[in-house]
Asker: 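The following block contains the structure, expressed as structure tokens.
Residue numbers start from 1 in every chain, and the chains themselves are labelled A, B, ... in the order their sequence lines are given, proteins ahead of strands.
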2 protein chains.
Amino acid sequence: MRYDKGHKENTRRHILEAASTRFRRDGIEAVGVAELMSDAGLTHGGFYSHFSSKEDLVRATIEHAADGARARFRELMNDAGLEGWIRRYLRPEHRDHPERGCLGAALVSELSRHSATTKAAVSQWTVKVFDDVAAHLPSTIPRQKRRMVAVGIFSTMIGALQLARVAPDAKTADEALESGIACALQLAGLKPQSRLQPKARTS
Amino acid sequence: MRYDKGHKENTRRHILEAASTRFRRDGIEAVGVAELMSDAGLTHGGFYSHFSSKEDLVRATIEHAADGARARFRELMNDAGLEGWIRRYLRPEHRDHPERGCLGAALVSELSRHSATTKAAVSQWTVKVFDDVAAHLPSTIPRQKRRMVAVGIFSTMIGALQLARVAPDAKTADEALESGIACALQLAGLKPQSRLQPKARTS
DNA sequence: TGTACATCAGTGAACGCGCGTTCACTGATGTAC
DNA sequence: TGTACATCAGTGAACGCGCGTTCACTGATGTAC
């Protein structure tokens with residue numbers, strides 16, 4: 001068969017989305033190219049007409065996921081503000097479904113061992129997160145501290161989510177999320193006296 | 001040859017130490033059993049008289065590393081206090097040498113995809129860290145908030161270290177560490193007005 | 001309008017390789033007699 | 001004291017398997033004439 005204009009680009013996007021889900025769920029190394037292509041409804045041989053190597057796919061997946069994440073970040077920040085974003089990032093559904101969540105939290109320690117090019121793709125995304133968070137901090141945070149606070153808030157969030165994911169029981173896992181929320185809010189200068197329990201939130 | 005009493009236990013410890021270093025440097029999945037045994041000066045066949053599987057080694061390595069980490073934590077906490085520990089954890093040497101540093105920071109996102117038994121080993125360690133940190137918080141932190149603050153501080157630290165490790169340039173990487181220190185200290189109620197620069201520290 | 005050819009996304013067999021694991025074996029030494 | 005045997009940590013060849021990557025091929029359709 002011969003394909004529509006735009007067909008190949010569509011296929012590429014399908015592969016990227018399959019990779020994004022699989023990588024977050026199982027880790028990069030644990031997922032094979034053949035498995036991935038089969039998820040996208042294709043056979044493995046065609047992979048190399050889309051990407052030059054698996055590592056190239058990893059880089060492209062990070063960039064693809066970062067674009068999506070940033071768009072969702074902005075939407076949410078407008079709807080629910082910084083506090084809403086923090087609570088949403090650290091809710092139990094996010095902990096329990098890494099395959100639909102933050103690629104950074106799912107893969108950061110694995111990615112730190114990848115190529116400089118791949119790490120640069122991650123870092124371009126984290127730098128944007130820092131900027132976005134800094135821009136939404138309350139005006140009580142002095143200008144020269146905003147970036148530092150933004151980096152600290154995101155460190156707390158990504159760390160708390162990962163600790164929650166290795167917790168062996170619900171109590172420890174919930175505690176990690178709740179502590180992350182309370183501490184991130186405190187750093188942001190929001191509700192320093194806030195209750196420990198996060199509000200129940202739905203998507 | 002026939003071996004000394006205690007020889008086998010010694011060999012086991014050598015394997016655990018080789019695994020601990022290699023896993024932190026390259027990730028668990030990237031390191032083969034044969035490679036590991038060769039690091040320990042042995043051939044791969046003998047591996048299974050020490051461990052029932054690679055996953056069993058992973059669990060044992062976490063427990064081994066946790067014992068060492070806790071001993072070092074206590075020593076440092078007595079010498080330098082909570083602030084000293086935070087600064088030491090987030091110093092550039094730790095970022096640049098994961099193979100000699102915190103196993104949790106190096107492997108947490110990979111470990112979240114391992115067996116429940118393995119995750120339980122990680123979590124037993126994190127729970128002890130939380131207890132140790134909570135016990136060393138200044139008395140200004142109210143009793144019922146201490147544990148939450150301890151969890152938040154460690155989340156910030158482990159998150160900041162990982163973000164520093166994916167940073168593509170020295171400036172971004174240093175910023176992550178410095179922000180982590182400043183925010184961890186603020187959460188701990190230590191020097192909320194502290195400078196952004198960490199003190200230069202040596203081992 | 002009809003025919004021959006070019007295009008090119010996707011197919012699937014095959015490659016060399018390293019993985020985790022198994023197992024028959026080695027050989028130095030302790031023990032039984 | 002001397003000899004035969006048991007022990008057991010470690011050896012290294014071999015297993016089946018799945019990996020990333022390559023490549024000759026397919027076949028539906030667009031294009032040239």
Asker: Less than 4.0 angstrom between a side-chain N/O of H50(B) and OP1 or OP2 of dG10(D), yes or no?
Answerer: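 Looking at the OP1 and OP2 atoms of dG10(D), one of them is under 4.0 Å from a side-chain N or O of H50(B).
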Asker: Can any side-chain N or O of K54(B) pair as donor or acceptor with the backbone N or O of I28(B) at less than 3.5 Å?
Answerer: yes
Asker: To the nearest angstrom, how far is K8(B) atom NZ from dT29(C) atom P?
Answerer: 19 Å
Asker: For residues H44(B) and E35(B), is any side-chain donor paired with an opposing acceptor at under 3.5 Å?
Answerer: no
Asker: For F47(A) and dG12(C), what is the distance between atoms CZ and P respectively, to the nearest whole Å?
Answerer: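 Those two atoms, CZ and P, are 18 Å apart.
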Asker: Could you work out which one of dG10(C), dA13(C), dT22(C) sits closest to the side chain of L42(A)?
Answerer: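 For the L42(A) side chain, the nearest candidate turns out to be dG10(C).
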Asker: Taking pairing as Watson-Crick or G-U wobble with both contacts under 3.5 Å, can you name the mate of dA24(D), or confirm there isn't one?
Answerer: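 Paired with dT11(C).
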Asker: Do side-chain atoms of R113(B) reach the backbone of A106(A) as a donor and acceptor pair under 3.5 angstrom?
Answerer: yes
Asker: Which residues, if any, of residues 11-41 of chain A bring a heavy atom under 4.0 Å of DNA chain C?
Answerer: T11(A)
Asker: Rounded to the Å, how far apart are K54(B) NZ and dG20(C) C1'?
Answerer: 8 Å
Asker: Taking the side chain as every heavy atom from C-beta outward, state whether L36(A) and F23(A) have any pair of such atoms under 4.5 Å apart.
Answerer: yes
Asker: Output yes when D131(B) and R147(B) qualify as a salt bridge under the 4.0 Å nitrogen-oxygen rule, no when they do not.
Answerer: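 Yes.
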Asker: Closest approach to the side chain of H7(B), judged atom by atom: which nucleotide of dG12(C), dA9(C), dA9(D) is it?
Answerer: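 The answer is dA9(D).
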Asker: When the distance from CG of D56(B) to C1' of dT21(C) is rounded to whole Å, what number comes out?
Answerer: 14 Å
Asker: Is a donor from one side chain sitting under 3.5 angstrom from an acceptor on the other, for T21(B) and R25(B)?
Answerer: no
Asker: Considering only side-chain heavy atoms of H44(B), which listed nucleotide, dT11(C), dG20(C), dT22(C), is closest?
Answerer: dT22(C)
Asker: Do we see a donor-acceptor contact under 3.5 Å between the side chains of S112(B) and S109(B)?
Answerer: no
Asker: Does dT1(C) pair with anything, Watson-Crick or G-U wobble, both distances under 3.5 Å, and if so, with which nucleotide?
Answerer: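 By the stated definition (distances under 3.5 Å), nothing pairs with dT1(C).
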Asker: Among the candidates dT21(D), dT11(D), dG12(C), find the nucleotide nearest to the side-chain atoms of S53(A).
Answerer: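 Given the options dT21(D), dT11(D), dG12(C), the side chain of S53(A) is closest to dT21(D).
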Asker: Taking only the side-chain heavy atoms of Y48(A) (C-beta and beyond), determine which of dT11(C), dG20(D), dG20(C) contains the nearest atom.
Answerer: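 When the side chain of Y48(A) is considered, dG20(D) is the closest of dT11(C), dG20(D), dG20(C).
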